[in-house]
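As the structure is a prediction and not an experimental result, all values here were calculated from the model.
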Amino acid sequence: MRVIAKKTLREFWQKHSDCEQQLKAWYEEADGATWKTPADIKKDYPSASILEDNRIVFNIKGNKYRLIVKINYKYSIVWIRFVGTHGQYDKTDAATI
């Protein structure tokens, strides 16, 4: 998959260094993945939440942080839409961000 944009993750882990390794690991796994359906993601990330409009919510660092992406399966592109604390996530509409 082509992940757009790693810069978003980097800026976040610079402020929240306790999740740097988890975000780097997620990026490497996503970058090397060949996800064709949401079921493929659930195989790799059973705790991921599948939302409408090809949005996926990943739990980072034991659910302390959340990562929302939008995926175009046909073109193998993952767009990072949001990364934040669980509290910030609670104030976000994951279905429209």
Side-chain angles (χ1 to χ4, degrees):
M1 306 295 288
R2 180 173 171 216
V3 181
I4 303 172
K6 186 176 184 180
K7 179 182 176 186
T8 304
L9 298 178
R10 187 180 311 109
E11 289 172 352
F12 188 78
W13 78 54
Q14 287 173 346
K15 294 177 184 174
H16 303 274
S17 61
D18 63 324
C19 67
E20 179 177 356
Q21 292 308 313
Q22 289 83 1
L23 288 172
K24 284 180 176 179
W26 177 88
Y27 177 85
E28 291 300 321
E29 291 168 9
D31 189 55
T34 55
W35 298 324
K36 299 293 183 193
T37 67
D40 294 336
I41 294 170
K42 289 295 273 186
K43 287 178 191 172
D44 293 338
Y45 294 93
S47 65
S49 299
I50 309 299
L51 307 178
E52 293 182 17
D53 198 25
N54 293 323
R55 284 173 166 56
I56 313 295
V57 179
F58 294 94
N59 299 320
I60 305 295
K61 192 162 173 68
N63 206 21
K64 182 175 180 181
Y65 302 103
R66 294 283 182 97
L67 172 65
I68 303 171
V69 303
K70 183 173 181 177
I71 298 180
N72 182 313
Y73 295 99
K74 180 178 179 181
Y75 295 104
S76 299
I77 298 174
V78 177
W79 284 280
I80 296 171
R81 306 296 296 158
F82 168 88
V83 60
T85 66
H86 201 159
Q88 291 168 327
Y89 170 82
D90 289 341
K91 298 175 186 172
T92 303
D93 183 357
T96 61
I97 193 166

Go through the structure and list residues passing side-chain hydrogen bond (donor to acceptor under 3.5 Å, both in side chains) with [X], not counting sequence neighbours.
| X | value |
| --- | --- |
| Ser17 | none |
| Ser76 | none |
| Asp44 | Trp35 |

Could you walk me through whether Asn54 and Asn72 pass the side-chain contact (heavy atoms from CB on, under 4.5 Å) check?
CA-CA 7 Å; Asn54 293 323; Asn72 182 313; over 6 Å; no

How would you list, by chain and number, every residue that makes a salt bridge (Lys or Arg N to Asp or Glu O under 4.0 Å) with [X], sequence neighbours excluded?
| X | value |
| --- | --- |
| Lys91 | none |
| Glu11 | Lys7 |
| Lys61 | none |

Please round to the nearest 0.5 Å and tell me the distance separating atom [atom1] of [X] and atom [atom2] of [Y].
| X | Y | atom1 | atom2 | value |
| --- | --- | --- | --- | --- |
| Asp93 | Arg55 | CG | CZ | 8.5 Å |
| Arg2 | Trp79 | CZ | CH2 | 9.0 Å |
| Ile56 | Ile71 | CD1 | CD1 | 5.0 Å |

Pairwise salt bridge (Lys or Arg N to Asp or Glu O under 4.0 Å) hits with a residue in residues 65-79, at least two apart
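Those involving residues 65-79 are Asp53-Lys70.
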
Among pairs that include at least one residue of residues 25-37, which meet salt bridge (Lys or Arg N to Asp or Glu O under 4.0 Å), considering only residues two or more places apart or in two chains?
none

Could you see if [X] belongs to whatever hydrophobic cluster contains [Y]? Use Ile, Leu, Val, Met, Phe, Trp, Tyr and a side-chain cutoff under 4.5 Å.
| X | Y | result |
| --- | --- | --- |
| Ile50 | Ile60 | yes |
| Trp13 | Val83 | yes |
| Ile41 | Leu51 | no |

Taking the side chain as every heavy atom from C-beta outward, state whether Leu67 and Leu9 have any pair of such atoms under 4.5 Å apart.
yes

Kindly write out the residues that satisfy side-chain contact (heavy atoms from CB on, under 4.5 Å) with [X], not counting sequence neighbours, or none if the list is empty.
| X | answer |
| --- | --- |
| Thr37 | Ala39, Asp40 |
| Gln21 | Lys24 |
| Ile97 | Ile68, Arg81, Phe82, Thr92 |

Tell me the closest heavy-atom pair linking Ile80 and Ala5, and the distance in Å.
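What the structure gives for the nearest pair is CD1-O, 3.4 Å.
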
Minimum-distance pair of heavy atoms, taken over all atoms of Ile77 and Met1
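Reported closest heavy-atom pair: N-CE, 3.9 Å.
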
Within 6.0 Å of CD in Glu52, more than 12 heavy atoms from elsewhere:
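Counting other residues, nucleotides and ligands, CD of Glu52 stays at 12 neighbours or fewer.
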
Where the side chain of Lys64 meets the backbone of His86, is there a donor-acceptor pair that is under 3.5 Å apart?
no

Qualifying ring-ring contact (aromatic ring centres under 6.0 Å, His included) pairs with a residue from residues 49-73, counting only residues at least two apart or across chains
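Listed once each, the pairs are Phe12-Tyr65, His16-Tyr65, Trp26-Phe58, Tyr45-Phe58.
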
